[in-house]
Amino acid sequence: MALATFGAGCFWGVEYFFRQVNGVIDCTCGYMGGKDLFTRYQDVKQGFTGHAEVVQVSFDPSVVSYEELLAVFWQNHNPTTLNQQGGDIGTQYRSTIFFHDKLQKQQAEDSKLALIKSQKWGSRAIVTEIVPCQQFHQAEEYHQDYLAKNNLPSCHISY
């Protein structure tokens with residue numbers, strides 16, 4: 001089992017997309033990248049803590065590779081909008097990859113470069129951060145598997 005951590009806007013939609021991937025064991029909504037040792041949704045949502053909404057993905061690397069998870073990440077959000085995904089605005093909604101080791105860092109950087117070279121987003125800059133994994137704060141229980149619990153479609157915008 002391995003871990004990957006991604007921020008791509010509202011964590012409900014990010015969790016939804018990763019849950020569809022064969023080889024993903026579990027997804028946990030949470031917060032990472034902020035200054036506080038303890039945080040809660042009300043503070044993160046206000047943009048006070050510096051945390052990003054993230055999804056920590058537990059996966060079986062014998063079934064799905066980290067590169068395949070990176071492809072899901074890039075396909076399901078707009079990496080050119082700084083601190084924004086759709087109507088969600090603020091640093092807590094930034095596009096970010098938190099790498100867990102040197103290999104993940106290299107693979108994330110390589111995938112970002114490949115995306116830039118593909119010209120998928122034209123001349124718009126890819127603003128996605130690639131930064132070391134920090135302390136993960138699990139979001140409150142009502143955020144976990146929120147869309148399924150509430151029988152809602154994905155909240156992410158198609159690009």
Side-chain angles (χ1 to χ4, degrees), residues 1-60 64 66 68-101 104-105 107-108 111-112 115 121 124-159:
M1 183 126 76
L3 290 176
T5 307
F6 303 101
C10 172
F11 46 33
W12 299 339
V14 178
E15 176 191 36
Y16 171 83
F17 287 115
F18 282 109
R19 284 197 182 278
Q20 311 308 308
V21 176
N22 187 34
V24 168
I25 312 292
D26 195 21
C27 296
T28 306
C29 292
Y31 318 109
M32 189 175 281
K35 60 185 179 211
D36 298 338
L37 295 178
F38 175 79
T39 195
R40 58 194 184 114
Y41 181 68
Q42 290 79 6
D43 297 326
V44 173
K45 184 177 172 99
Q46 299 289 328
F48 297 149
T49 68
H51 290 88
E53 288 193 12
V54 298
V55 173
Q56 193 155 79
V57 179
S58 299
F59 67 102
D60 181 344
V64 63
Y66 184 68
E68 290 169 308
L69 296 178
L70 286 164
V72 172
F73 169 78
W74 294 121
Q75 291 167 5
N76 289 291
H77 81 293
N78 183 341
T80 70
T81 54
L82 184 63
N83 301 327
Q84 177 180 359
Q85 289 300 308
D88 294 324
I89 300 171
T91 59
Q92 65 273 33
Y93 302 112
R94 65 189 179 267
S95 175
T96 186
I97 300 168
F98 288 97
F99 61 85
H100 290 256
D101 57 36
Q104 282 190 357
K105 178 183 181 187
Q107 291 171 332
S111 70
K112 182 177 177 178
L115 181 64
W121 296 97
R124 293 183 281 174
I126 305 299
V127 297
T128 304
E129 302 175 319
I130 299 174
V131 294
C133 185
Q134 298 174 22
Q135 182 173 343
F136 177 73
H137 303 273
Q138 183 171 327
E140 296 79 357
E141 180 55 37
Y142 69 92
H143 290 296
Q144 308 306 325
D145 214 11
Y146 182 88
L147 297 177
K149 286 178 186 174
N150 293 284
N151 199 28
L152 297 169
S154 170
C155 59
H156 268 57
I157 299 167
S158 298
Y159 299 100

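For the numbers below, each heavy atom of this structure counts, side chains included, while hydrogens, waters and symmetry mates do not.
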Partner residues of [X] under the ring pair (Phe, Tyr, Trp, His ring centres under 6.0 Å) criterion, sequence neighbours left out:
X	result
Y31	F11
F73	F6, H77
Y41	H143

Q) Going through the distances and angles, do H51 and Q92 end up as a side-chain contact (heavy atoms from CB on, under 4.5 Å)? A) CA-CA 6 Å; H51 290 88; Q92 65 273 33; over 6 Å; no

Spatial distance of atom [atom1] ([X]) from atom [atom2] ([Y]) [nearest 0.5 Å]:
X	Y	atom1	atom2	result
E15	D26	CD	CG	8.0 Å
F99	Q104	CZ	CD	9.0 Å
L82	T128	CG	OG1	10.0 Å

Go through the structure and list residues passing side chain to side chain contact (heavy atoms under 4.5 Å, CB included) with [X], not counting sequence neighbours.
X	value
Q107	Y66, E67, L70, L103
V64	V21, F59, E68, L69
L3	Q56, S58, H100
T80	N78, W121, R124, I126

Q) Where is the tightest heavy-atom contact between C29 and V55, given as atom of each residue plus distance? A) SG-CG2, 4.4 Å

Q) F18 and C27: which non-hydrogen atoms are nearest, and at how many Å? A) CB-SG, 3.7 Å

Q. Considering residues at least two apart in sequence or located in another chain, which fulfil the side-chain hydrogen bond (donor to acceptor under 3.5 Å, both in side chains) criterion with D60?
A. S62

Q: Return the set of residues passing side-chain hydrogen bond (donor to acceptor under 3.5 Å, both in side chains) with S111 (not counting sequence neighbours), or none when no residue passes.
A: W74

Q | Within residues 47-57 or reaching into it, pairs that qualify as salt bridge (Lys or Arg N to Asp or Glu O under 4.0 Å) - sequence neighbours excluded | A | none

Q: Sort and list the pairs that fulfil salt bridge (Lys or Arg N to Asp or Glu O under 4.0 Å) and have at least one residue in residues 86-96, not counting sequence neighbours.
A: R94-E129

Q. Who pairs with D101 by salt bridge (charged side-chain N to carboxylate O under 4.0 Å, His left out), at least two apart in sequence or on another chain?
A. none

Q.
With a 6.0 Å cut-off (strictly less than), is the heavy-atom count around NZ of K112, excluding the residue itself, greater than 12?
A. yes

Q: Verify side-chain contact (heavy atoms from CB on, under 4.5 Å) between T5 and M32, making sure each step is shown before the conclusion.
A: CA-CA 9 Å; T5 307; M32 189 175 281; 3.9 Å; yes

Q. When you measure from the side chain of Q84 to the backbone N and O of G86, does any donor-acceptor pair fall under 3.5 Å?
A. yes

Q | Flag side-chain contact, heavy atom, 4.5 Å: K45 against Y93 | A | yes

**Q.** pair I97-V131: side-chain heavy atoms closer than 4.5 Å
**A.** no

